[in-house]
Amino acid sequence: MLTGIAFAIRLLIKIAALAILAPLIQGCIKQFKGRLQGRHGPRLLQPFFDLIKYARKEQVISRETSWVFSAAPLFSFAAVLTAALMVPWVDRSPWPFPADLILFVYLLAIPRFMMALAGLDAAGSFGGMASSRESAVSALAEPVLLLSLLTIALPGGSLHLEAIPVAANSLPLAARAGGLAAIAFYCVVLAEIGRIPVDNPDTHLELTMIHEGMILEYSGPLLGLLHFTHWIKQITLLVLLFNVFIPIGMMVESTGAWTAIIFSALIAVVTFLAKMITAIALLAITETWLAKLRLFQMMDLLGFAFVLSITALLFVATGV
Amino acid sequence: MILISIACVLLFAGSISGLFGRSFAISGRRTGAILQAIGCLALTIAGYQGLNGPGWESVPIVLPHLGAIAIGMDRLTGLFIMLLGIMGFSTSLFASSYLEHLEQRWNFHWLPILYGIFICSMSGVFLARHTILFLFFWEMMALSSFGLVILESWQERNRRTGFMYLAITHLGAALLFLGLLWPCAKAGLDFTFSGWLVGIVSMSVKARFIVFSALLLGFAAKAGLVPLHVWLPRAHPQAPAHVSALMSGIMIKTGVYGMMRFFVTVSPLPMPAMWGWLLLFAGLASALLGVLYALNEREIKALFAYSSIENIGIIFMALGMGLLFRSEGRYALANLAFVAALLHSANHALFKGILFMGAGAIQYRTHTLNLDELGGLARGMPILSIMFFVGAVAMSGLPPSNGFMGEWLLYRSLIAGFSVSHLSWKLFLPLIAALLALTGALAAAAAVKSFGCAFLGRAKKVDLHIAPDPDNYMLSGLGLPAFCCLLLGFFPELFSQPIAKMIAEFGYGPMPQPHASLMWPRIAGTEGLQPLLIASLLTVGLLAAWVVLKRLSYRKDKYAAPTDISSIEAIRIVDTWNCGTPLTERMSYTGSSFSEPFLVNFALMFSPRRNFRALGSLAPLLPTRLTYAIRVSKVFEDYMYRPAIAGILAISHSFQRLQAGSLQGYLSLMFFALIVLLIAAK
Amino acid sequence: MMHWNDTLISWMGAFVLLTGFMTVVFRRFGNVLGCYRLQSIGFALATAAVGLDLGEPHLYALAVLSGVIKGYLVPNWIGGFARRLGSRAEEKMAVSPAVSLFIAGGLLLAAHIISRTAVGSASAKVDDLMIALALLLIGFFFMVSRSHVLSHMMGILFMENAVTGAVVMLSSGLPLIVDLGILFDVLVGILVMSILVFRIQGAFDSVDTSELTTLHG
Amino acid sequence: MTHFNAVEGFLSIWTIDYHIENDRPFFGRVERDRLFCCLESAKSELGARLSMLTARDYGRMNDRFSLLVILDIPATTSYLAIETPLPDDNLTYRSLTPLFPNASWPEREIRDMFGITACDTPDTRPFIRKGAWPADLFPLRKDISPHRAYPIERVLLPTTVVEGEGVIEVPVGPIHAGIIEPGHFRIQVIGDTLLSLDAQFAFCHRGIEKLAEGRDPLGALLLAERQCGTCSVSNTLSFCLAVENAAGISVPPRAAYIRVILAELERLYNHVNDIAAIAAGIGMAFVTQQGLVLKEELQRINAGFFGHRFLRNVVIPGGIRSYPGIDPLNEMVELLAPIVRRLDSIVAVAIGNSIFQDRLENTGILTRSNANELGGVGPAARASGVSIDTRCDHPYDGYRILPGFDIPTRHECDVMARFRMRLDEIPTTLALIEAAVKSLPVVSSPIAATIPIIAPGSWGFGATESARGENCVFIAFDAHGRIDRYAVRTASYLNWPLIPTTVRGNILPDFPLINKSFELCYADVDR
């Protein structure tokens with residue numbers, strides 16, 4: 001009973017943190033990117049204002065659409081939220097929750113599947129185009145996502161996300177395998193959250209869109225939900241990148257003295273925030289430094305990531 | 001036993017309508033189909049009992065020389081019989097309405113007859129405990145399905161497909177004759193399964209290798225494993241939809257059944273690791289090639305046929321993992337892999353049944369299966385689209401569908417291989433897991449293509465007004481497997497527990513614990529999924545979002561008069577954004593366009609040859625006519641079968657030259673033959 | 001917990017391998033040159049770390065020297081020279097980047113098997129040897145898969161890097177004079193090759209070796 | 001003078017009557033049935049290029065309509081105008097498209113506006129008319145009032161579809177997601193492979209040519225200036241040159257130099273803008289933003305020294321209205337140099353980026369023969385090895401007197417070549433501005449010649465090089481010295497048809513990039 005209540009409280013805290021941090025991180029990335037490009041950039045809180053604006057708008061829906069159109073954002077949101085709750089943020093204590101790695105990868109496939117369908121639903125060519133591109137990109141991204149995480153998880157023998165850092169018992173990034181897998185994972189993160197060099201999140205140029213193309217027909221609250229979903233996915237993958245490859249400062253087990261727990265929790269939160277700031281800087285610099293790859297050279301980028309994770313696997317398999 | 005007899009009687013009773021000619025078959029269509037459905041229901045019950053309860057064996061006939069012709073029921077048989085029953089029930093219900101549009105065919109009366117024989121022979125294959133009987137039913141199954149495939153035999157192409165099917169299936173059967181009868185002969189002409197076992201134990205390693213190779217080739221040909229798959233994507237789309245559903249759902253699983261029966265349950269024999277690797281890599285090749293070719297298909301049924309090859313590949317990968325683990329003595333993990341194989345077999349039967357029947361329903365209404373011509377059906381057929389959607393989700397292996405539960409087990413067993421301290425295991429198994437993820441993502445793309453291009457967007461060449469939801473018979477035919485898909489997604493242990501028990505009864509290692517659905521909260525230190533928990537979390541998220549959205553959507557507009565209906569629901573219906581131009585059906589994405597990026601990305605596999613022409617007097621600058629065509633090569637057909645056939649033809653031509661017709665020629669041939677014989681006999 | 005210079009060596013190993021993989025992806029000569037630059041710096045750092053590990057001061061000298069020469073001088077030299085040739089993108093790749101990547105992965109595996117049989121799987125040197133061998137093979141593959149003379153030159157440089165890297169990693173370096181000799185040899189090699197390339201371009205108007213298939217008198 | 005003799009010989013063979021005057025295009029009148037053969041011979045013997053094809057309505061009872069072909073004879077520095085009277089009962093002529101493929105658009109336009117039909121033309125669709133007025137109404141005829149309103153329907157032209165399974169259409173425009181002018185591109189694709197492109201324009205046709213009729217030169221000047229934003233100077237200059245040509249005057253030297261400065265300032269900010277736009281096409285935000293900053297600075301310089309960001313209200317027929325004086329201009333030249341240096345450093349970032357190179361190189365290849373046959377002009381044609389530049393070929397104003405300057409060309413023919421082309425032209429532009437400022441006479445001579453009363457029935461022709469290529473204007477006056485026919489043909493109008501030949505076989509996401517590498521103007525087509 002007590003564990004149940006504790007679980008519920010942790011769940012609620014995490015949901016609240018997601019609701020605040022996911023849009024905030026988006027705002028920070030945009031702001032920082034703007035600064036790097038010599039612009040002022042939008043306000044940090046702009047994503048919140050956007051959400052409020054979307055919530056107040058009426059919905060404009062195409063007459064060509066079917067039930068899939070309205071259902072897709074809901075399914076995507078539910079799946080991404082579930083996946084986000086699986087990822088450990090500040091503590092590594094076991095989560096009474098199926099935080100299975102394969103499940104995580106497959107949960108992230110649900111929004112892609114649903115949004116690819118939604119893109120086709122409105123009968124316009126832009127949506128279809130985006131769906132087909134998204135399917136092609138994600139087909140290449142999925143094996144790398146799985147393999148780069150597996151290389152870290154396999155030596156420990158557990159596929160549970162919060163168990164991965166514990167199992168590795170050191171800094172995975174410091175080892176060869178960890179470093180290579182981290183680079184591979186970062187490439188996939190860029191592809192998954194639709195950032196340059198794979199997709200340009202700032203463009204609405206009809207012919208080059210991937211993620212924006214699929215949500216072209218959405219408006220009002222549903223569009224807000226989609227953006228929110230996307231931001232949750234973004235923060236989840238970034239947290240995963242940092243917590244798996246640099247599991248520094250995370251709380252281990254909530255036993256011991258009262259003050260010690262509070263102290264370690266404080267440290268965990270501070271390191272977490274530091275990690276997020278690094279992530280923001282990393283993304284913003286990558287996006288300013290690179291331009292968008294040609295559509296079919298995505299294969300090269302993701303193939304590169306795949307070979308890197310295979311190399312990491314080789315190091316792991318030989319036990320060095 | 002009684003249930004089986006009842007089922008057979010009912011199935012044949014359903015076929016009777018066909019015996020009295022076409023007009024009688026038309027009038028008795030529904031009655032016959034329902035009789036057959038009830039027969040299948042009896043099969044389901046029998047299978048359920050077999051799966052859960054103790055088995056039985058009986059000897060109806062004892063023949064001279066052949067001994068006791070035994071049939072029997074155990075958990076393995078029970079599983080497949082139950083699947084056959086469920087799918088047979090659904091397809092029969094479906095067929096009761098679906099057959100209507102086939103009534104114009106002159107040979108319509110053959111349909112119920114062959115269909116009855118087909119189901120009966122499949123259950124015979126599962127029930128047989130005697131090699132001769134097994135092979136008899138095997139041949140019956142092949143012949144009846146051949147008959148169903150060539151029903152539309154007035155087209156030359158269809159006849160060729162049929163004969164190709166017959167040729168490969170007979171080649172497989174011949175190998176099975178070798179693999180089944182040789183050990184029996186070794187065991188003193190004891191043709192029962194136990195006799196086969198005795199024979200195989202007494203054989204030398206080399207002979208055993210030949211027997212197992214023959215069996216593997218025979219079963220793989222039936223299952224459609226690469227490279228013996230070429231018949232499958234041609235034969236399945238050609239049969240009527242409900243038959244395709246059975247062929248893809250159950251018939252190719254007879255290969256899996258055979259593998260389980262003759263490879264896995266042969267207790268005393270250690271299988272070398274080579275067999276495991278062989279199955280693993282053949283399965284991987286099937287899975288990848290199958291799904292890639294599926295993506296490239298524009299006909300829905302052909303797409304699903306290739307997807308069947310993919311799923312057979314996944315099942316064989318699991319079988320291969322099981323054999324691998326056994327060769328290492330890791331019996332618990334091996335059992336897990338076998339559970340994965342059987343669970344995925346069951347899952348595939350269910351969702352492929354939905355998808356094929358859904359394709360049939362589409363064809364029934366729109367008379368086309370070309371994804372480049374279809375589109376927008378979801379608005380006319382919402383219920384069908386939802387059922388098809390369930391099938392598509394399961395085909396993509398997304399949680400919380402049953403497809404995911406099967407694939408998850410396979411992932412688990414692949415990854416568990418990392419604990420074995422061989423470098424090849426540690427390196428290849430995670431890699432194969434990654435490639436399985438690639439397959440999964442590509443399968444999801446194929447599912448998006450099939451569902452999206454058929455049900456969403458706009459129809460290209462089809463009048464949607466004539467395409468409402470099909471009638472209740474067809475819908476319930478699809479509904480049962482769709483329901484089962486969801487049920488197994490939430491409660492996979494309904495199937496996996498009996499399967500685990502069955503595997504444990506093989507006598508190796510402990511009973512695997514594949515799923516633990518209702519653990520709440522998680523028991524510390526356990527690895528596993530809680531499907532119900534995932535499903536409930538997903539549902540809670542879904543509902544929360546839905547409620548919030550509904551509140552936002554129904555918010556009253558403060559500026560509008562309260563009587564204004566449109567102000568209550570803040571939703572406006574508009575045209576699709578099309579840059580200010582009217583939307584035409586040519587702008588809705590087609591299947592070919594959807595899969596084009598895959599063609600480019602996997603050009604190595606497809607080697608597409610594009611032919612784009614600009615015609616007209618001022619052609620490159622101001623063309624008046626533009627044409628485009630693409631041809632994609634199929635690796636095994638273009639580089640293996642075609643050269644082989646050409647080679648055989650060339651050889652037979654050269655033999656033909658011997659038939660010169662001159663007497664001296666024949667005489668000299670005979671002379672040479674005589675000399676050769678003399679030398680050989682010395 | 002690994003000592004920090006072990007970590008550095010380990011990291012540099014992964015890093016040079018990464019640059020090796022990157023070389024086969026890039027179509028463009030400038031990027032390949034950049035990879036070479038990074039790889040040379042990586043090797044120099046690894047050399048320095050090995051020197052620190054073993055307390056061999058001559059390795060520091062070697063690290064500095066090779067870092068400056070191969071990480072700065074040689075790439076700049078070749079870069080200017082490529083500009084004078086006016087080379088654009090390497091358009092004729094016999095194998096597509098994605099496929100070359102997988103071939104490179106296969107070469108890594110082969111290198112692993114070879115180095116295991118050579119050193120014995122228990123030795124800690126397996127991975128170092130594997131990386132060096134893999135880079136050697138990748139450099140060779142790079143030469144095979146490209147047709148531009150400059151790429152061939154780069155392939156030789158990559159292979160040279162791998163050889164010196166292997167020497168340093170495995171035997172903690174040869175006497176300084178030998179290493180210097182190798183370095184000098186490379187410099188002379190580049191000089192000779194660059195003269196040859198100019199001669200080839202003067203004679204054939206092209207430095208694409210796939211077009212140089214007939215013998216000229 | 002041999003070229004001159006060749007033209008004269010040609011005219012004497014083919015024409016009914018002809019005029020040769022200094023500083024004016026050669027002029028000849030050809031019978032309708034001989035027109036095609038005449039042009040065929042002009043193309044083969046003189047190497048003529050079609051510069052302008054339009055029609056005139058004299059508004060009288062007999063011999064009312066005539067067809068006007070203006071050819072560019074590259075060997076001479078002059079143009080050749082050929083007029084063909086059309087019989088009133090049969091307003092047709094043999095299509096010139098097989099001869100000059102770039103005649104297709106003007107032929108369609110002439111049919112829409114005058115009702116004069118080309119026979120055997122491969123493309124019979126309307127060009128301007130989009131259902132906004134009845135098919136039997138021809139707006140540029142004299143009996144139609146420009147002030148009548150018609151109900152507007154939304155009509156798209158049919159397009160040539162690509163036959164083949166699974167081929168789909170992608171419509172882009174006329175309403176875009178960004179702030180772009182209205183052009184409609186109907187693209188035939190299979191997946192992301194672009195098979196063919198059909199560009200349709202004139203969704204915002206303003207009838208400028210009709211509105212100019214009946215105005216005096218100063219009244220029409222306002223229209224010419226506002227035809228397009230980014231080619232304002234060039235269009236005005238062409239207009240003024242045509243008026244001056246008709247009036248037979250030349251501008252004072254000070255005005256001639258200031259006009260060069262204006263034209264080059266316009267080129268400069270356009271090129272900087274195009275460079276930023278190409279970077280935007282591949283999502284290279286840093287280069288885009290910095291490029292746009294520089295463009296803004298250049299436009300502020302325009303505003304600061306000439307009073308208008310688009311340099312309007314300076315050029316007038318006969319000269320210029322005003323200029324800031326020599327010292328401020330010297331100051332301006334000093335302001336320009338650092339901007340160009342900053343541009344160089346920004347561009348170096350882009351060109352050093354391998355993704356940038358990968359995206360631009362070998363993308364959107366405009367072959368030299370296609371550029372030649374379709375009569376491409378401007379930096380786009382020069383990037384494909386076609387050395388064509390009005391400033392050299394037909395020098396006007398200050399370009400006649402300024403010392404020689406080089407016109408760079410490139411031969412790679414791809415987007416990168418067009419990108420670098422603009423970079424290559426910037427030093428020339430700077431040098432020209434500097435030279436013009438240096439040569440500016442100090443003495444206070446007049447800055448504008450007075451336009452005399454223009455002789456009834458006289459006509460003039462002017463051509464200038466804008467940032468996109470040759471912009472031409474033909475003006476004819478009526479008996480009262482008011483404009484009777486004002487015909488404009490801009491560089492964009494000639495270069496748009498190049499794009500479909502360029503994009504075929506590329507991938508769809510590269511189309512915006514290729515489009516931006518031409519950076520053509522829509523308003524110039526929808527004039």
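A note on names: the letters A, B, ... follow the listed sequences, proteins ahead of strands, and every chain is numbered from 1.
Counting heavy atoms of neighbouring residues, nucleotides and ligands inside a 6.0 Å radius, atom CH2 of A:Trp67 exceeds 12 of them.
The parts of A:Leu293 that come within reach of chain D are both its backbone and its side chain, each placing non-hydrogen atoms under 4.5 angstrom from that chain. With a threshold of 4.5 angstrom between heavy atoms, D:Phe511 approaches chain A through side-chain atoms but not through N, CA, C or O. Residue contact with chain A, scored on non-hydrogen atoms closer than 4.5 Å, involves the side chain of D:Ile187 exclusively. Only the backbone of A:Leu36 comes within less than 4.5 Å of a heavy atom of chain D; no side-chain atom from C-beta onward does.
Between A:Thr208 and D:Pro509, the closest heavy-atom pair is CG2-O, 3.4 Å. Smallest separation of non-hydrogen atoms from A:Ala291 and D:Asn353: N-ND2, 4.3 Å.
In this structure, CZ in D:Phe356 is found 14.0 Å from CG in A:Leu290, a value given to the nearest 0.5 Å. The distance from the CZ atom of A:Phe296 to the OG1 atom of D:Thr193 is 5.5 Å, given to the nearest 0.5 Å.
When the heavy atoms of residues 341-351 of chain D are compared with those of chain A, none of the residues falls under 4.5 Å.
Looking at D:Asp358 and A:Arg294, no side-chain N of the basic residue comes within less than 4.0 Å of a carboxylate O on the acidic one, giving no salt bridge.
In this structure a side-chain-to-backbone donor-acceptor pair under 3.5 Å is missing from D:Gln289 to A:Arg39.
In terms of heavy-atom pairs under 4.5 Å with chain A, the best-connected choice from D:Leu513, D:Val189, D:Thr363 is D:Thr363. Interface remark: of the candidates D:Ile507, D:Val293, D:Ile168, D:Asp192, D:Asp192 forms the most heavy-atom pairs closer than 4.5 Å to chain A. Of the listed residues (A:Glu287, A:Gln297, A:Met209), the one with the most heavy-atom contacts under 4.5 Å to chain D is A:Gln297.
For the pair D:Met284/A:Lys292, no side-chain contact is recorded, criterion being any heavy-atom separation below 4.5 Å from C-beta on.
Not counting sequence neighbours, D:His271 has no partner by the ring-ring contact (aromatic ring centres under 6.0 Å, His included) test.
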